[in-house]
Amino acid sequence: MKRVSGQGDRPPQGQEPAGWPLPAEAEAWARHLVGRLKQAPLAVLPRWVVGADVAYDSGVAVAAAVVWDLKEGFPVWWRALRRPISAPYQPGLFFLREAPCLLPLLQRLPVRRWVGMVHGHGTAHPWGAGLACVVGALFKKPFLGCAGALLCGQVSPLAERRGNWVPVTHEGKVVGALVRTRDRAKPVAVSVGHRLKLPQAVQLVLATSRYRLPEPLRLADQLASAVLAGALPGASLAAATVEAVAPFQGGCP
DNA sequence: GCGACAG
DNA sequence: ATCTTGTCGC
């Protein structure tokens, strides 16, 4: 598929939009990428779950990543990165806005074996190419998507108790799951992005959830917002140096 | 054809 | 996403 500048299948480096498709060719680019997705089961659940999210404000984006230790049950590393917004939000093309911000950050993780979690959909997407699929495929890492609302698909009634879930069906296929992460709270939409199975994705979301959103994502959400608001220091991509971010609210023990 | 539509 | 503190309910 044609790109602004061909760079193989590796995550684009540096300033955008180099390596990313233009909005007009994004659908074709994404559909091509879908053909390269793997749904192989995760042989071993990694010890670390990386939650990543982005907060925006008039031209500026702050991406944040949090490494959650499944064994200990708390965050062990976090970082935020500031950079310019590269694309407007468009349902279905969310990855064009979010992925460029996430990649530079994910390349600096302190752990080798991890599963990624993004605030958005994976396969539960009109073309089966949600943010989690795009990031997972580019990184060749297991990724799942966890969103607050469905973008497509149908579901049956879901029990009110935490831990229950029902499949999300789209065009005759199971593309995700609606998961109750907290009693009586609005369910979350979980779907596979790359290199893991839906039951494993659901298991990971439930294993890291205390409130409605899984902790790795909820904390990344808060960190990104705090840095955006200026309450905490973040690093600028333009500065070429990524700095450590000070502990934030609800920090680690 | 029209509207809805992750964040 | 974002404008916005406390408040009510489970």
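Numbers restart at 1 for each chain; the letters A, B, ... are given by sequence-line order, proteins then strands. Hydrogens, waters and symmetry mates are skipped; everything else that's a heavy atom, side chains included, is used.
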Checking all strands, does A:Leu93 fall into the base, sugar-phosphate, or nothing category for heavy-atom contacts under 4.0 angstrom? base
Measure the acute angle between the ring planes of A:His125 and A:Trp127, then classify it against the limits of 30° and 60° as parallel, tilted or perpendicular. perpendicular
Atom CG of A:Leu144 and atom P of B:dA6: how far apart are they, to the nearest Å? 19 Å
In dot-bracket form, 5' to 3', how is DNA chain B paired? Count Watson-Crick and G-U wobble pairs only if both distances fall under 3.5 Å, and write | where the partner sits on another strand. .......
Round to a whole Å and report the spacing from CG of A:Leu151 to P of B:dA4. 14 Å
At under 4.0 Å between heavy atoms, which parts of nucleotides 3-10 of chain C does protein reach? Answer with one letter per nucleotide, 5' to 3': B base, S sugar-phosphate only, - none. -------S
Any side-chain N or O of A:Tyr89 under 4.0 Å from OP1/OP2 of B:dA6? yes
How is A:Gly145 classified with respect to the nucleic acid when contacts are heavy atoms under 4.0 Å: base, sugar-phosphate, or nothing? nothing
Using the ring of each side chain (for Trp, its six-membered ring), is A:Trp29 parallel, tilted or perpendicular to A:Phe95, with breaks at 30° and 60°? parallel
Quick one: label A:Phe94 by what it contacts on the DNA or RNA (base, sugar-phosphate, nothing), any heavy atom closer than 4.0 Å. base
Could you tell me the separation between the NZ atom of A:Lys71 and the CZ atom of A:Arg47, rounded to the nearest 0.5 Å? 4.5 Å
If I take atom CZ from residue A:Arg82 and atom CG from residue A:Leu228, how far apart are they, to the nearest 0.5 angstrom? 7.0 Å
Rounded distance (nearest 0.5 Å) linking atom CZ of A:Arg79 with atom CG of A:Leu105: 8.0 Å
Side-chain donor/acceptor of A:Arg195 to backbone N/O of A:Gly136, under 3.5 Å: no
Give, for atom CG of A:Leu213 and atom NE2 of A:His119, the distance between the pair rounded to the nearest 0.5 Å. 4.5 Å
Can you give the dot-bracket line for DNA chain C, where a pair is Watson-Crick or G-U wobble with both atom distances under 3.5 Å, crossing pairs use [ ], and | marks a partner on another strand? ..........
Contact class for A:His119 vs. all strands (heavy atom < 4.0 Å): base, sugar-phosphate, or nothing? sugar-phosphate
